[in-house]
Amino acid sequence: MTVENPWAEFTKQVIEALQLSSGQDLSQYLELPTDSHHGDLACTAAFHLTQQLKKSPAEIAKELAVFDPIRFPLIEQVVAQGPYVNFYINIIPYRRLVVEAIQSAKDAFGRSTQFAGKHVVVEYPAVNPNNPLHVGHARNAVLGDTTARLLQTVGYDVTRMDYINDLGLQIAVAYWALKHLDASKYKGKYDQIVGRLYVEAQEHYDESQVRKYLKQMEQGDNEVAAEVRKLTERVLRAHHKTHAQLNVHHDLLVWESNIAHSGLFAKALEKIMAAPTTSRPTKGEKAGCVIVDLSAYEEFQQLKDTDKVLVRSDGVATYTGKDIAFHFWKFGIIKDPFHYKPFKSPKTGDTIWTTSNSGETGHYHSADIIYNVIGIPQSQAQRTVYLTLQTLGYEQASTNYYHLAYEFVTLPGAKFSGRKGTWIGFSTDDVIREATRRARKEVKKRNPEADARFLRQVAEAIGSAAVRYALLKVAVEKQIVFRWEDLLNFDGNAAPYLMYTHARASSILRKELPPSKVRLSELTNPYETELIKLLGRFPAIILEIVHGIKREVWGTRIELFHLAEYTHSLCVAFNSFYNHCPVLKADTKVLKGARLLLVEMCRQVLSNALGLLGIKPLERI
RNA sequence: GGGCCCGUGGCCAAGUGGAUACGGCGACAGGCUUCGGACCUGUAGAUCCGGGGUUCAAAUCCCUGCGGGCCCGCCA
């Protein structure tokens with residue numbers, strides 16, 4: 001039988017061997033050794049069993065370091081090194097497992113069905129449709145898109161959602177600017193033009209006029225509302241050009257204006273009022289408001305006021321109130337009230353559906369789990385939403401609501417501001433353009449004969465991948481200070497290096513493919529062994545990231561950079577192998593065959609890993 | 001006033017109880033009669049922000065101080 005996850009198989013045998021030697025489950029004490037001399041998997045249980053067994057750690061380690069090689073063929077040896085118990089993988093059966101797993105699964109190597117049957121909604125990047133994406137938005141989009149890819153890989157049914165806030169003051173101002181300012185002086189993409197106009201409008205927009213527009217937008221079903229929808233859709237299409245370059249995709253767009261006119265909030269309010277923790281005081285500071293009492297939660301007790309307003313005294317819902325209603329819909333607590341239309345996005349190539357004031361119904365089925373990709377600065381607001389869901393009695397929804405948090409990207413000494421226009425020159429488009437320009441020079445240098453089409457396509461793929469990877473390889477809770485040199489460095493731990501490695505492997509395979517019969521026993525040197533071990537870990541890496549998704553007080557952490565790190569180390573190992581082990585000119589024909597197979601497997605796994613990272617694996621760059 | 005995130009070689013940045021602190025950039029020295037040099041091999045470079053504490057064991061946990069970023073509205 002072919003195994004899907006070779007590393008898990010080895011780990012299982014180690015855990016069982018320890019179970020036999022100790023009589024207990026010691027899996028929690030397993031860790032990867034820092035040094036390969038210490039084996040492939042280490043157990044530190046001996047430290048913790050001293051009390052229980054009244055022996056020294058070294059003695060215990062010695063007793064733990066026994067196993068039956070017949071029963072556990074994947075373990076070559078177990079060595080007690082001081083207090084540590086080190087397990088060494090038996091490469092002979094293991095490489096057989098790895099080869100079979102990759103050869104049978106191919107593009108699907110790394111996939112599993114462990115989480116099948118659950119519907120997950122991932123929402124990102126919710127950029128206001130009156131600005132282009134700046135680099136911080138790109139971080140959001142890239143995290144969301146990669147998370148969606150990862151969750152799909154482990155079997156979830158994933159909906160990639162975007163929320164479009166087309167009703168805010170900022171949209172009314174942008175609309176005013178379009179009506180009253182000269183748009184022709186700005187060139188380029190529509191979101192760039194609107195973004196510039198919006199910055200310009202800050203100084204002299206007519207407030208009463210903008211208020212009137214806002215009122216009409218909120219009422220809907222009038223010319224202003226229709227024109228604003230046109231404006232925001234056009235901006236959104238411009239966003240999708242940027243998304244396409246970043247390889248970011250969506251399935252469903254939800255518009256604030258459609259929510260506003262759907263009757264969703266009225267239904268939500270009934271449910272909100274039915275809860276014992278909500279009320280509408282008749283006197284005091286919050287007379288006439290709908291409030292929820294959050295005093296049961298310790299962190300709110302510190303605040304001046306533990307009552308959170310969900311509906312203002314003038315009858316308008318607050319942001320939190322609206323968010324509660326929105327999530328009632330997402331979780332299916334309220335029946336889907338929306339109409340849907342296809343939203344053509346030739347740029348990303350996706351079949352996207354969008355909410356609309358007319359059209360079909362039933363294009364959404366309720367979610368089991370929600371991931372909202374939102375910045376860490378919003379963590380208290382997000383916590384308020386899911387804790388409110390809990391006090392209202394929707395335990396399940398609250399538990400399955402995850403604020404996928406990340407720190408912002410800033411400029412040296414400044415932050416991104418749509419209003420102030422600090423993004424100008426640092427929009428995602430600008431950054432990708434510069435990276436692409438740089439990539440084009442490099443590609444041309446290496447492919448002097450190549451035609452313009454090849455140059456453009458490859459340069460664009462590399463440039464945008466460089467940006468995407470740079471945003472992905474840093475832990476989410478770390479603030480990123482934007483520096484050109486970080487994004488434009490194409491050496492080392494950067495997307496171009498990974499893509500180059502893939503092209504190198506492809507180049508060998510273009511010249512010759514591995515034979516149908518290969519003698520795996522030829523693969524014995526440390527370069528080859530290291531590669532085989534890394535290849536076998538890929539499915540486990542994916543599952544570790546998904547299992548590691550963890551809610552913290554500041555938000556939910558996902559360690560996507562582990563995937564980046566894995567991919568980088570696979571490339572390092574491959575390039576080292578490449579430089580030390582001739583493939584096509586190997587000493588013997590059987591060795592050549594075996595190495596060709598190894599190259600093919602590396603190319604396959606690298607391709608799968610790059611795909612998860614949202615990077616197109618190219619055969620030539 | 002309360003709360004959150006970050007602080008690791010010149011720069012960026014993993015590691016969040018366990019072995020000699022993983023890498024990348026930059027620096028320095030090597031490697032193409034060899035499959036793509038966006039490569040490889042090696043060297044130098046670390047008071048893990050400071051001070052206490054807990055532990056057999058602390059970059060990691062606790063207390064405290066410092067520095068940087070951020071949040072605490074019937075706003076969005």
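Throughout, protein chains are lettered first and strands after them, A, B, ... in sequence-line order, and every chain is numbered starting at 1.
Base contact: A/Ile462 has a heavy atom under 4.0 Å from a base atom. Using a 4.0 Å heavy-atom criterion, one finds that A/Pro496 contacts the bases of the nucleic acid, with or without backbone contacts as well. Note on A/Val476: nothing from the nucleic acid sits closer than 4.0 angstrom, heavy atoms only. Residue contacts for A/Ala42: at a heavy-atom cut-off of 4.0 Å it reaches a base atom on one of the strands shown. Nucleic acid contact class of A/Glu285 (heavy atoms, under 4.0 Å, all strands): base. A/Tyr497 comes within 4.0 angstrom of sugar-phosphate atoms only, judged by non-hydrogen atoms across all strands, and of no base. Residue A/Asp486 is out of contact with every strand shown, counting any heavy-atom pair closer than 4.0 Å. Using a 4.0 Å heavy-atom cutoff across all strands shown, A/His48 reaches at least one base atom of the nucleic acid. Residue A/Lys415 is in sugar-phosphate contact alone, with no base atom involved, counting any heavy-atom pair closer than 4.0 Å across all strands shown.
The base of B/rC74 has none of its N or O atoms less than 3.5 Å from a complementary donor or acceptor on the side chain of A/Thr318. For a distance-only test at 3.5 Å, the side chain of A/Asn86 qualifies as a donor-acceptor partner of the base of B/rA19.
In this structure, A/Asp35 and A/Ile480 both approach RNA chain B, and ranking their closest nucleotides by distance from the 5' end singles out A/Ile480.
Aromatic ring orientation, A/Tyr527 versus A/His580: parallel (interplanar angle below 30°, classes split at 30° and 60°). Relative orientation of the A/Phe577 and A/Phe574 rings is tilted, given thresholds of 30° and 60° on the angle between their planes. Note: A/Tyr297 and A/Phe300 have perpendicular aromatic rings, judged against thresholds of 30 and 60 degrees for the angle between ring planes.
Using a 4.0 Å cut-off between a side-chain N of Lys or Arg and a carboxylate O of Asp or Glu, A/Lys308 and A/Asp293 do not qualify as a salt bridge.
Residue A/Lys478 places at least one side-chain N or O closer than 4.0 Å to OP1 or OP2 of B/rA14. In terms of phosphate contacts, A/Thr44 brings no side-chain nitrogen or oxygen within less than 4.0 Å of OP1 or OP2 of B/rG17.
Ring centroids of A/Tyr29 and A/His48 are separated by less than 6.0 Å, placing the two rings close together.
The stacking criteria are not both satisfied for A/His568 over the base of B/rG23, which would need a centre-to-centre distance under 5.5 angstrom and an angle between ring planes under 30 degrees. The aromatic ring of A/Phe47 does not sit over the base of B/rA57; the criterion of centres under 5.5 Å apart with planes under 30° is not met.
A distance-only check finds no donor-acceptor pair linking the side chain of A/Asn372 to the backbone of A/Ile374 [under 3.5 Å]. Side-chain atoms of A/Thr318 come within 3.5 Å of backbone N or O of A/Val309 as a donor-acceptor pair.
Rounding to whole angstrom units, CG of residue A/Leu471 and P of B/rC12 are separated by 17 Å.
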Once each nucleotide of nucleotides 31-37 of chain B is scored for protein heavy atoms under 4.0 Å, what B/S/- sequence comes out, 5' to 3'? B--SBBS
